[in-house]
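Presented below is the structure to which this report refers.
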Amino acid sequence: MAYKRQIDRLPIIPADAKKHNVTCHYCIVGCGYHAYTWPINKQGGTAPEENAFGVDLSEQQGAETEAWYAPSMYSIVKQDGKDVHLVIKPDQGCSVNSGLGSIRGARMAENRRSDVLGTQQQRLTEPMVWRYGTWQPTSWEDALDLVARVTARVIDDGDEDDLYVSMFDHGGSAGGYENTWGTGKLYFDSMKVKNCRIHNRPAYNSEVHSTRDMGIGELNYCYEDYQLTDTIFMVGANSLETQTNLFLNHMVPGVRGDTLAKKEAELPGELHAPARVVVVDPRRTVTVNAFEEVAGKENVLHLAINSGTDLALFNALFTHIADQGWVDAEFIAASTFQDGVAQPQDEQHPAALGSFEAARAACRMSLADAAAICGVSEADIAKAAEWIAMPKEGGARRRCVFPYEKGIIWGNDNYRTIGALVNLGLATGNIGRPGGGVVRLGGHQEGYMRPSDAHVGRPAPYLDRLIIGGGGKVHHIWANDHYKTTLNASEFKRVYNRRTNMVKEAMDARAGATREELVDAIVAAIEAGGLFSVNVDIVHTQIGQQAHVILPAVESGEMNLTSMNGERRMRLVEKYMDGPGSAKPDCLIAAGLAQALERVLREEGRDAYADRFKGYDWASEEDAFMDGYHANTGQIVTYDRLRAMGNNGVQEPVIGYEDGKLIGVKRLYADGKFDRHGREDKKALFCCGAWRGLQAPGKAAQKAGFRFLVNNGRSNINWQNWFLDKDNDFVADRYPYPFLEIHPDDMADLGLAAGDLVEVYNDVGATQAMAYPVETARRGETFMLFGAPSGTQGNVINAGTNELILPNYKQTWADIRKISDAPATVKHLSFKSKEYRMG
Ligand SMILES: Nc1nc2c(c(=O)[nH]1)N[C@H]1C(S)=C(S)[C@@H](COP(=O)(O)OP(=O)(O)OC[C@H]3O[C@@H](n4cnc5c(=O)[nH]c(N)nc54)[C@H](O)[C@@H]3O)O[C@H]1N2
Ligand SMILES: Nc1nc2c(c(=O)[nH]1)N[C@H]1C(S)=C(S)[C@@H](COP(=O)(O)OP(=O)(O)OC[C@H]3O[C@@H](n4cnc5c(=O)[nH]c(N)nc54)[C@H](O)[C@@H]3O)O[C@H]1N2
Ligand code: SF4
Ligand SMILES: [Mo]
């Protein structure tokens, strides 16, 4: 913030500044930006030929001008060892965001480490080893040698089950095709590690097994579909805050009617109107509020269902739509399985899968029964069914897009619930068609490229539970902080602290010993129940406090990085600055670790096993990309070709290269053939999953035993587990503690004033938050910001998951008591409503 830095003006970007393509590395949407850099001792001028915009800056610019940037878009960073000015500003030419930023992406620059401006000084610069009772910086060679020697002692060819791994599987920073390949090759090719988990759930599995088992990949549409549709049926997502520019640049124009001419042109012969919206969320969100403001209340239906009851709602909608005959019979006949049950329910399939009629029989649910379970009116459910599927005037099929995210992914009965939503899309012929799609909205960007994980099995091992039960000897952690973001976190931390402290104590006791003696001491502590922890991150995290070796990584922009967004749009972020100190791309850290393991194993005379760790002689992230993505996807995509595609990139799968352009695919399944399940007939399957109450162990009892629902999730301003936020004035000023949204009457009952610090506690743990009064909250239903270092919501989530180890973060109940009046850092905060009114 310029005012905070005590400067009253920012430099003009000179005409000859270097310009780099950048895709914002925070959320799934993947907005296009440009990074401009130029030498510290230069700046541009107001004359058109003196600035990057080519306009006369001595004249007042229009309101929508591109020729400006905000203080948060500016920094001074290192590039090739020299100080340079850096501006990262939104790209008007990118079809994803058309020049819009967000409160997160438009602060990319101020969140870079700057030694001149003093931002993000928390970034790790050197490897660190637990030594002499504290953290000591050291060289890569020393750190990797220790990791390799301890790891080599607990693994062997064909027996790698004592090595536990937690690793990202996404795109953007802390991910990307380069880095998922580097880690994937190490753990799934050189080794066959099966005791592993992903950053956001306690097993190595899919977030959305059922849609895939039904034949439908979860990112099947394009963002333009929101501009072509008749209805948006949004489930368990708060897109204004979590997919911001998808909401602002695609959903809002669609519902506001800005795109009517486009609809007429692209979809002639049917009646068009501005899109209507149904939002399924127990909580009234700012997304509901904003939809109402832009579309008019009469065009927005908020189904405020009881937490965890989506399955009953979807089954009733399916039943009603089928009974009315509002289904796409032709599509069902041509593209879906016809003959009863194709896949019976079993250990790997929490519901049977089969034909439309089989699902119709299994899922039957009346409007009245659903209304009672969900706590919404029959009339509203019937209205939602009409908005989804009642044929339009003139008889044309209604187009509906069904976006969903964590409200059901981390919700009750994941498999059946997502399956039931996909049923709606299939029955109404809304997959693979303009204005359709049953899609994940997404979290991070995607960027998955790994050797097969089939050896992990299904259901995959529940890693947290194994750790708590004393399993595992060495734990490698890549880019996540379970202390802030896992479930059953109270117990996890208790056990993890104890087991890793055993190893720390053993290391302390052998200070000054030789490497061999030290490794012996560590292994002895491990054999006594200890756990050796290796943490690869960009900052010193909470779980990192318990690590024995810490390895510093660089972020997107400090390396070249590829990933794809929620419409499968793949781009290259061009490196525009140096990483801090000796930090490296994750793929090269994985390569370094593989090489160290090869050397150690060879020294130990285990040559055959050592040979498995060959093939990592990558000099750069580009080499990792060529070895992974390029080699495994038809050898079409290269950095140069992607760079030439700019910020609009190419939509995957990439199927060709012609006239200097990569050729992609706009929508999946446009031919009505479904293959995500691998069935040869390419027919989609329906899900036969009846409602069965709160499915995960312990949830119903918790609900009965505690007074408040502790719904939880995200805020616009915070990014994930606050790893950058906690060192950023702007965010830390706003939310020094996680907020707990709560109704003012509930606050009165508990004797609370706004900002008071409260304890949230139940049968599995406790955490803290600051009370934030919200008039529209329902009595007895709170919403807590997740992932905070100053109060982890996961502490009160129980260990119960679905059959395939998908956590239910959202269904949690607890009691609340006051800890203290508002702390000093909270006293100045505003507790105004987060809703807005137009006009
Ligand atoms: N600003 C910001 N944006 C982000 C992120 C961030 O940290 N900050 N993180 C990114 C990531 S990794 C992810 S995964 C996405 C998540 O994106 P979202 O899924 O949109 O975000 P959440 O806040 O986790 O949850 C969405 C909604 O689920 C609702 N919900 C709770 N229980 C239920 C239920 O039983 N049924 C239904 N239907 N809804 C329920 C909550 O009230 C909440 O409004 O956001 C991405 N975008
Ligand atoms: N209660 C509750 N819990 C939840 C959720 C919820 O809705 N409610 N949502 C879940 C979801 S969807 C998610 S995605 C998870 C998020 O949980 P985490 O994955 O733990 O959170 P992130 O903030 O994404 O973690 C990123 C970590 O990687 C580091 N990092 C950033 N860039 C890089 C890089 O380039 N390389 C390396 N090596 N490290 C890097 C950061 O410092 C940070 O420690 O939380 C899950 N937990
Ligand atoms: S909407 Fe997402 S991708 Fe776009 S600028 Fe914001 S955080 Fe970045
Ligand atoms: Mo996520």
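Note: hydrogens, waters and symmetry copies are ignored here, and every other heavy atom, side chains too, is used. Ligands are counted one by one from 1 in listed order, and the atoms in each one are counted from 1 as well.
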Quiz item: Can a cation-pi geometry be assigned to Lys584 and Trp140, taking NZ or CZ under 6.0 Å from the six-membered ring centre and within 45° of the ring axis?
Solution: yes
Between [options], which one has a non-hydrogen atom sitting closest to [atom]?
atom                    : options                        : answer
atom 37 (C) of ligand 2 : Asp586, Asn712, Thr485         : Asp586
atom 33 (C) of ligand 2 : Gly787, Gly172, Ala788, Ala174 : Ala174
atom 9 (N) of ligand 1  : His170, Glu781, Gln720, Glu405 : Gln720
atom 7 (O) of ligand 2  : Glu207, Lys810, Gln542, Lys726 : Lys810
atom 42 (O) of ligand 1 : Leu240, Asn716, Asp281, Val279 : Asp281

Practice problem: Mark the output for Asn245 as yes if a heavy-atom distance to ligand 3 is under 4.0 Å, and as no if none is. | Solution: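 Yes, that is the case, since the closest heavy atom of the residue is under 4.0 Å from the ligand.
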Quiz prompt | Sub-4.0 Å heavy-atom approach of Tyr33 to ligand 3 | solution =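 Contact present.
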Exercise. Considering the heavy atoms of Pro282, write down every atom of ligand 1 situated less than 4.0 Å from one of them.
Key: 30 (N), 32 (N), 33 (C), 34 (C), 36 (N), 37 (C), 39 (N), 40 (C)
Quiz prompt | Where ligand 1 meets His444 - atom numbers and elements under 4.0 angstrom, heavy-atom basis | solution =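 So the answer, numbered in order with elements, is 12 (S).
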Please list, in number order, the atoms of ligand 2 under 4.0 Å from a heavy atom of [X].
X      : answer
Val554 : 34 (C), 35 (O), 36 (N)
Ala479 : 25 (O), 26 (C), 27 (C), 28 (O), 37 (C), 38 (N), 39 (N), 40 (C)
Lys406 : 12 (S)
Val539 : 42 (O)
Asp481 : 20 (O)

Quiz item: Counting backbone and side-chain atoms alike, does Cys27 have an N/O/S atom under 2.8 Å from atom 4 (Fe) of ligand 3?
Solution: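 No - counting backbone and side chain alike, Cys27 has no N, O or S atom under 2.8 Å.
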Quiz item: Who's the nearest protein heavy-atom neighbour of atom 1 (N) of ligand 2, and how far?
Solution: Gln793 OE1, 2.7 Å
Quiz item: Considering only protein heavy atoms, which is closest to atom 44 (O) of ligand 2, and at what distance to one decimal place?
Solution: Asp537 OD2, 2.7 Å
Quiz item: Got an N/O contact under 3.5 Å between Val536 and ligand 2?
Solution: yes
Quiz item: Is there at least one pair of N or O atoms, one from Asn200 and one from ligand 2, spaced under 3.5 Å apart?
Solution: no
Quiz item: Which bit of Asn718 gets closer than 4.0 Å to ligand 1, counting heavy atoms only: side chain, backbone, both or neither?
Solution: backbone
Quiz item: Using a heavy-atom cut-off of under 4.0 Å, does the side chain or the backbone of Asn711 touch ligand 1, or both, or neither?
Solution: side chain
Quiz item: Can a salt bridge be assigned to the pair Glu405 and Arg440 using a cut-off of 4.0 Å between side-chain N and carboxylate O?
Solution: yes
Could you tell me whether some N/O pair between [X] and ligand 1 is separated by less than 3.5 angstrom?
X      : value
Asn306 : no
Ser715 : yes
Gly308 : yes
Thr309 : no
Gly442 : no
Trp719 : no

Side chain, backbone, both or neither: [X] near ligand 2, heavy atoms under 4.0 Å:
X      : answer
Lys484 : neither
Trp722 : neither
His199 : both
Thr541 : side chain

Quiz item: Near Gly30, which atoms of ligand 3 are under 4.0 Å from a heavy atom of that residue?
Solution: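 So the answer, numbered in order with elements, is 3 (S).
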Quiz item: When rounded to the nearest 0.5 angstrom, what is the spacing between CD in Gln720 and OG in Ser173?
Solution: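 It comes to 11.5 Å.
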Quiz item: Is it true that His199 and His444 have ring centroids separated by less than 6.0 Å?
Solution: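 Ring centres of His444 and His199 closer than 6.0 Å.
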Practice problem: Flag Ser102 as yes if one of its N/O/S atoms falls below 2.8 Å of atom 6 (Fe) of ligand 3, otherwise no. | Solution: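 Yes.
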Exercise. Please state whether the rings of His250 and Tyr223 are parallel, tilted or perpendicular, taking 30° and 60° as the class boundaries.
Key: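 Correct class here is tilted.
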